[in-house]
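Working notes, structure below.
We number each residue from 1, following the sequence as shown. Please read these numbers as outputs of a predicted model, since none were measured by experiment.
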Amino acid sequence: MTGSVESFLAEPRVATLTTLRPDGSPHVVAVRFTWDGGTARVLTVAASRKARNLVRGGRAALCQVDGFRWVTLEGTATVSEDPRRVAEAARRYLRRYGSPPPAPPGRVVIEIAVDRTMTLNT
């Protein structure tokens with residue numbers, strides 16, 4: 001991954017997260033996320049559609065867009081309720097966005113082990 005792509009992904013922007021529903025149709029939502037060069041993390045709650053789509057395993061795509069610049073990160077996604085992993089995701093979120101993430105009951109972290117990257121104009 002080039003330095004310009006990493007710089008773009010370091011910008012505290014919103015992205016879209018795409019997962020697949022049980023019927024195979026896409027579920028696309030806006031999310032805040034963190035990126036460490038190999039793993040993308042999204043905090044959510046276990047009851048959310050995105051988490052339920054991934055709890056059985058599967059792939060996810062996260063796309064950060066700014067006009068005609070974009071980066072899509074794809075990979076195998078897991079959902080974890082492990083307090084250490086959720087706390088690590090919250091720590092990274094605070095550093096990236098400058099405010100703590102919401103902490104609703106049932107909070108989990110979606111971790112995407114990125115194995116494919118697509119870019120345009122970054």
Just distance, no hydrogens or angles: give the donor-acceptor pairs under 3.5 Å from side chains in residues 101-110, sequence neighbours left out.
| from | atom 1 | to | atom 2 | distance (Å) |
| --- | --- | --- | --- | --- |
| Arg107 | NH1 | Pro102 | O | 2.8 |

Note to self: Nearest 0.5 Å, please: how far is OG1 in Thr18 from CZ in Arg59?
What the structure shows: 12.5 Å

Margin query: For the CZ atom of Arg96 and the CD atom of Glu11, what is their distance to the nearest 0.5 Å?
Written below: 8.5 Å

Next item on the list: Could you list the residues that satisfy salt bridge (Lys or Arg N to Asp or Glu O under 4.0 Å) with Asp82, not counting sequence neighbours?
Entry: Arg84

Checklist line | Residues which pass salt bridge (Lys or Arg N to Asp or Glu O under 4.0 Å) with Asp66, listed by chain and number, not counting sequence neighbours | finding: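 So Asp66 forms a salt bridge (Lys or Arg N to Asp or Glu O under 4.0 Å) with Arg13, Arg69.
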
Margin query: Please enumerate all residues that pass side-chain hydrogen bond (donor to acceptor under 3.5 Å, both in side chains) together with Thr78, with sequence neighbours excluded.
Written below: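 For Thr78 there are no side-chain hydrogen bond (donor to acceptor under 3.5 Å, both in side chains) partners, ignoring immediate neighbours.
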
Check: Residues two or more places apart in sequence or in another chain: which of them pass side-chain hydrogen bond (donor to acceptor under 3.5 Å, both in side chains) with Ser80?
Finding: none

In chain order, what residues pass the side chain to side chain contact (heavy atoms under 4.5 Å, CB included) check against [X], with sequence neighbours excluded?
{"X": "Thr39", "value": "Asp36, Arg41, Glu111"}
{"X": "Thr72", "value": "Ala61, Cys63, Trp70, Glu74, Met118"}
{"X": "Ser7", "value": "none"}
{"X": "Arg52", "value": "Arg49"}

Note to self: Could you list the cluster mates of Leu94? Members are the ILVMFWY residues connected by side-chain heavy atoms closer than 4.5 Å, either directly or through other members.
What the structure shows: none

Next item on the list: Kindly work out whether a path of hydrophobic side-chain contacts (I/L/V/M/F/W/Y, heavy atoms less than 4.5 Å apart) joins Leu120 to Val65.
Entry: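 Looking at the clustering, Val65 is in the same group as Leu120.
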
Next item on the list: May I ask whether Val114 and Leu20 are part of the same hydrophobic cluster, defined by side-chain heavy atoms of I, L, V, M, F, W, Y residues being less than 4.5 angstrom apart, directly or through others?
Entry: no

Determine all donor-acceptor pairs shorter than 3.5 Å in which one atom belongs to a side chain in residues 28-35; sequence neighbours excluded.
| from | atom 1 | to | atom 2 | distance (Å) |
| --- | --- | --- | --- | --- |
| Arg32 | NH1 | Tyr93 | OH | 3.2 |
| Trp35 | NE1 | Glu6 | OE1 | 2.9 |

[X] versus [Y], closest heavy-atom pair with distance:
{"X": "Ala51", "Y": "Thr44", "answer": "CB-CG2, 4.1 Å"}
{"X": "Ala40", "Y": "Leu62", "answer": "CB-CD2, 3.8 Å"}
{"X": "Thr122", "Y": "Ser4", "answer": "C-OG, 3.2 Å"}

Item checked: Residue pairs, two or more places apart or on separate chains, that pass ring-ring contact (aromatic ring centres under 6.0 Å, His included) and touch residues 36-57 -> none

Notebook entry, point to check: Ion pair present between Glu88 and Arg85, side-chain N to carboxylate O less than 4.0 angstrom?
Noted result: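 Salt bridge flag = no for Arg85 with Glu88.
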
